[in-house]
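Here is the naming used below: chain letters follow the sequence lines, and residue numbers restart at 1 for every chain.
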Amino acid sequence: MSKLFLTNSEGGVKSAFEPLDPEHVRVYVCGPTVYNLAHIGNARPVVVFDTLFRVLQALYPRVTYARNITDIDDKIIVAARERSVGISDITEEFAQKFREDMSALNSLSPTIEPHATLHVDAMLDLADRLISRKHAYEADGHVLFDVTSMPDYGKLSGRHLDDMLAGARIEVASYKRHPGDFVIWKPSLDDEPGWDSPFGRGRPGWHLECSAMIHQHLGDAIDIHGGGRDLIFPHHENERAQSCCGYGGSFVGTWMHNAYVDMDGEKMSKSLGNVRTVRELLEQYSGETLRFALLSAHYRSPLNFSKDLLDSAQSTLDSFYLALRNTADVDADACNIEQTPVFDALCDDLNTPLAIAELHKLAKALNKASGDEREKIKSALLAGGFALGIFNADPSDWFSDTGADGLAESVIAELLGERAHAKANRDFSRADAIRDELNAAGVTIEDGPSGTTWRRS
RNA sequence: GGCUCGGUGGCAGAGUGGUGAUGCAGCGGAUUGCAAAUCCGUCUACGCCGGUUCGAUUCCGACCCGAGCCUCCA
């Protein structure tokens, strides 16, 4: 059995993964705040942790993977106001679109998908615990976490309270005892969504939901908590503070954070306005191509997003699918994924580029193989691909699927028939003219010993 | 200012104290009516300066450059 190694963001060390309960691995990944469409940067953690989910499922009998939906947030309130609708109109629309987009990327549904607004009681319970344990205080209608009450506050992100003061770039609210204190609960105006609470009508601070939902669904401590790098501080640091101080326990075994998708060397983000939504990219590329592109760099390294990246992802997938299509007559048998180099690569801190390199070796071997060997190699190639969440298409569909503007298959067949006729009569200029015509329409043809095949290019 | 992470061949991108990443592109060849696909062969590399070492791209230190967090953000 392969041994899984993961890099823990807390401390930055890679070590063997030891689940708290080998019979039941628990993972929580921060999901979207649903107020607009997901961009390709938002998709990276989804794809990365989906791959982790697949690896964990291969290694352990039971894996619970929770990914939350943040459906109460100031940005949502603003979006609802702009469109003159209720916040649930916004959150339901974009939660659904998020699910659709991520599913197009071959990402599996999480085991549970807790919504913040359905866990307000649990959040208020946590706020109460924190106050009674002197880790939080009420001031001016707010409930605030007292960062000085936690000796190792800052451990996850590697910061010290003193350093944070020096770099404070934002005006500190007067009701905070310490500038680093963060909001657990805040008052709502009459025209803002809110819930009644012992502290008055209000709504939760950003970090509270994850702490409360993790506790309710997964328990005091979980194995893995993931998200994008930018969540390390303040979000995860503060979550950790709330959970450790409110519930006790160690909270998270391994923290994992993916690096960003960059645009021209700069982070892609909503605030920079340089985003490309998954939905718009899906008009030009298959979800599998987008997924493969996202996995082409290691999750802890920045990934520069470009047309070249997507085009090369697509042609690489084409070459894999060609190898599969050319062996369509070969039956693949069940392959023990755990004994393949692809899986070994994934077990080494999700080394997807190395896993892809192993896929290339298998595809090359399959192209060269003959006889019984082909069955074994094809099985390994397929199993490796499934671990990465690719090869979901039937190889012949992969090459024949097209947008509305492509040539109909019947037209292609007709032209190929005419070309075969011309070739038989050694009328090569006519044959080549037909080939040029098909090429111009985005159809590549290949003459083989057993006839001519075609594919969309 | 504080903290973090990186700089590998034309490009993408792994990895390692001492022969091979891998892919794309290029070049040569096989194959093909010509192509396409495939296969074979082949060229480019480890930011800069020191140190440790028999030996460093890999370890240590300085420097240069880039990115990120410290504010909503995957």
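For the P atoms, the distance linking B:rC63 with B:rC70 amounts to 26 Å, nearest Å. Taking atom P in both B:rA62 and B:rU4, one finds a spacing of 13 Å when rounded to whole Å. Between the C1' atoms of B:rG29 and B:rC43, the separation comes to 15 Å (whole Å).
A side-chain N or O of A:Y321 and one of A:E288 form a donor-acceptor pair less than 3.5 Å apart. In the model, A:S88 has no side-chain atom that pairs as donor or acceptor with a side-chain atom of A:T91 under 3.5 Å.
A:N367 has no side-chain polar atom (N or O) that falls below the 4.0 Å cut-off from OP1 or OP2 of B:rU38. Dashed line: the shortest gap from a side-chain N or O of A:K267 to OP1 or OP2 of B:rC69 is under 4.0 Å.
Classification of A:D318 and A:R456 as a salt-bridged pair fails, no side-chain N sitting under 4.0 Å from a carboxylate O.
Applying the Watson-Crick and G-U wobble criteria (two distances, each under 3.5 Å), B:rA12 pairs with B:rU22. Look at B:rC3: its Watson-Crick or wobble partner, with both distances under 3.5 angstrom, is B:rG68.
Less than 6.0 angstrom separates the ring centroid of A:H360 from the ring centroid of A:F320.
B:rG33 has its base stacked against the ring of A:F428, the centroids being under 5.5 angstrom apart at an interplanar angle below 30°.
In this structure, A:V48 reaches neither bases nor backbone, as no heavy-atom distance under 4.0 Å exists between it and the strands shown.
Counting heavy-atom neighbours within 6.0 Å of A:K97 NZ, excluding the residue itself, gives a total above 12.
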| note | Counting primed atoms, P, OP1 and OP2 as sugar-phosphate and everything else as base, the B/S/- map of nucleotides 20-31 of chain B against protein heavy atoms under 4.0 Å is BBSS--------
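Once rounded to the nearest 0.5 Å, the distance linking OG1 of A:T64 with CG of A:D223 reads 10.0 Å.
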